[in-house]
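Below: one structure, written as structure tokens.
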Protein chains: 2
Amino acid sequence: MALDHAILVSLLEKPGSGYELARRFERSIGYFWTATHQQIYRVLKRMEGDGLLAVRDVPQQGRPDKKEYSVAGPGRAALSRWLHEPIEPESLRHDLAVKIRGAAFDDPAALVREVERHRQVHSDRLAHYLAGEARDFTGPGAPDALDTGQELQHVVLRGGIAYERMSLAWLDDVLATLHRIAATPPPAA
Amino acid sequence: MALDHAILVSLLEKPGSGYELARRFERSIGYFWTATHQQIYRVLKRMEGDGLLAVRDVPQQGRPDKKEYSVAGPGRAALSRWLHEPIEPESLRHDLAVKIRGAAFDDPAALVREVERHRQVHSDRLAHYLAGEARDFTGPGAPDALDTGQELQHVVLRGGIAYERMSLAWLDDVLATLHRIAATPPPAA
DNA sequence: CTTGTCTATGCAACGAGTTGCATAGCAGGA
DNA sequence: TCCTGCTATGCAACTCGTTGCATAGACAAG
């Protein structure tokens, strides 16, 4: 149920509607947690029913009204409780690694394009992260002194940057390996 | 449904029972895909029903009989089909990152122990990977020339090693950031 | 004036993954 | 002897997450 907690954190950083949350999950939060709008609406409704969130109807001009959610006292308490209990280190689900090992039973060369495509995605993400870092933390317009929240957001962002850099280097390694395999004539067994 | 494909790859590398697969998912395969034995048994049954797998009853002495699964022709074809379709780059689910951002609304210092615990887990995993690499690929007893399957297994393992190294470096960064925050007196606002 | 896009919310059905429990033979130690 | 632990398989219930679909107002382009 970590989606609950991700929503609590996001709403503490800034209250917002389900729609707005869904967009945040495509952006900053989405870099370490994903969720679709259906999931978000369902969870918001449940958490509101449980008294963890407060709602406020916000009429808007030029667009549909929205429900702005914010964290209520019990929500903050629930988050605090979660922060103090240990969690399991993440377990990966890496489809591409399965494919690479599977390629031994098919044509490894056919994987090159796929790996290159993934490389491009990681390269784009890295550029996006670096732009965000320059804008909010290290660039000319960024604040001189960061508060605790900003420090923590920055270190999480640095994690994303490190992850993308590591991914790029590894995918290059994978490509080199695939090329080496293609260049090596199969042993005349 | 990538669990299906992970199972196909694992059974192509070596046929085995559900129990054995479950143990592999705690070991090598488990480094990039996790599954419990219930999930595995259920999927094995379904795939056998679909004709993707063949079963063979193997009586054993001193322990219960087992069902040894192996990949049938249609299973191999299904894997090949999957290998040729593009997949989405993974989306992360990183609980710890949520916690770190959430700590801004609680006590950041309380997170130090948790982060240290995670650091230990990654450190252990790294040692385990490096031991496996030395045993199978780079150590004295390892084969001089690797075949395609071994090359691909090695590059996936190198990915795991790179991931753990990156994680350790980032967790050190997180710890340094937490200490810096604790040392900085809050601004007298 | 119709079509498409953006904001904004939601239902229903399905599939994937987790948790708890059950069974059963064999081995080894208290 | 009883209890624990390992191999080996499985059911049932539940939660989490995904996919497809629906609604509805405002605005811009054709």
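By convention in this document, chain letters (A, B, ...) are assigned in the order of the sequence lines, proteins followed by strands, and residues within each chain are numbered from 1. Heavy atoms only: backbone and side chains are in, while hydrogens, waters and symmetry mates are out.
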Between the protein and nucleotides 21-28 of chain D, which nitrogen or oxygen pairs come in under 3.5 angstrom?
residue: D:dC21; atom: N4; partner: A:Q38; partner atom: NE2; Å: 3.4

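- The interatomic distance linking A:R93 (CZ) with D:dG17 (P) rounds to 11 Å, in whole Å.
- Applying the side chain to side chain donor-acceptor pair (under 3.5 Å) rule to pairs touching residues 106-116 of chain A yields A:K99-A:E114, A:D106-B:S80, A:D106-B:H84, A:E114-A:R117, sequence neighbours excluded.
- Residues passing the side chain to side chain contact (heavy atoms under 4.5 Å, CB included) test with A:P64: none are found, sequence neighbours excluded.
- In this model, the phosphate group of D:dT9 is approached by a side-chain N or O of B:Y41 to a distance below 4.0 Å at OP1 or OP2.
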Taking Watson-Crick and G-U wobble contacts under 3.5 angstrom, with | marking pairs to another strand and [ ] crossing pairs, the secondary structure of DNA chain D is written ||||||||||||||||||||||||||||||
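- The CD atom of B:E68 sits 11 Å away from the P atom of D:dA8 (whole-angstrom rounding).
- Scanning both residues, A:G132 and A:L157, for their nearest heavy atoms gives C-CD2, 4.3 Å.
- A:H94 and A:W170 have perpendicular rings, their planes meeting at more than 60° on a 0 to 90° scale where under 30° would count as parallel.
- Annotation: side-chain hydrogen bond (donor to acceptor under 3.5 Å, both in side chains) contacts of B:Y69 (sequence neighbours excluded): none.
- Residue A:M166 shares its hydrophobic cluster (ILVMFWY side chains chained together at separations under 4.5 Å) with A:L92, A:Y163, B:L92, B:Y163, B:M166.
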Got a list of protein N/O to nucleotides 13-15 of chain C N/O distances below 3.5 Å?
none

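- Residue pairs meeting the side chain to side chain donor-acceptor pair (under 3.5 Å) criterion with at least one partner in residues 43-52 of chain B, sequence neighbours excluded, are B:D4-B:R46.
- Contact annotation: B:K45 side-chain N/O to D:dG10 OP1/OP2 distance is under 4.0 Å.
- In this structure, CD of A:Q39 is placed 5 Å from P of D:dT18, rounded to the nearest angstrom.
- Considering only residues two or more places apart in sequence or on other chains, B:R93 meets the side chain to side chain contact (heavy atoms under 4.5 Å, CB included) condition with A:W33, A:T34.
- The stretch residues 15-23 of chain A touches DNA chain C through A:S17, A:G18, A:Y19, A:R23, each having a heavy atom under 4.0 angstrom from the strand.
- Hydrophobic cluster of B:Y41: the remaining members, joined at side-chain heavy-atom separations below 4.5 Å, are B:Y19, listed by chain and number.
- Counting Ile, Leu, Val, Met, Phe, Trp and Tyr side chains that sit under 4.5 Å apart, directly or through other members, A:V58 stands alone, with no cluster partners.
- Counting only N and O atoms by type, the side chains of A:T177 and B:R158 include a donor and acceptor under 3.5 Å apart.
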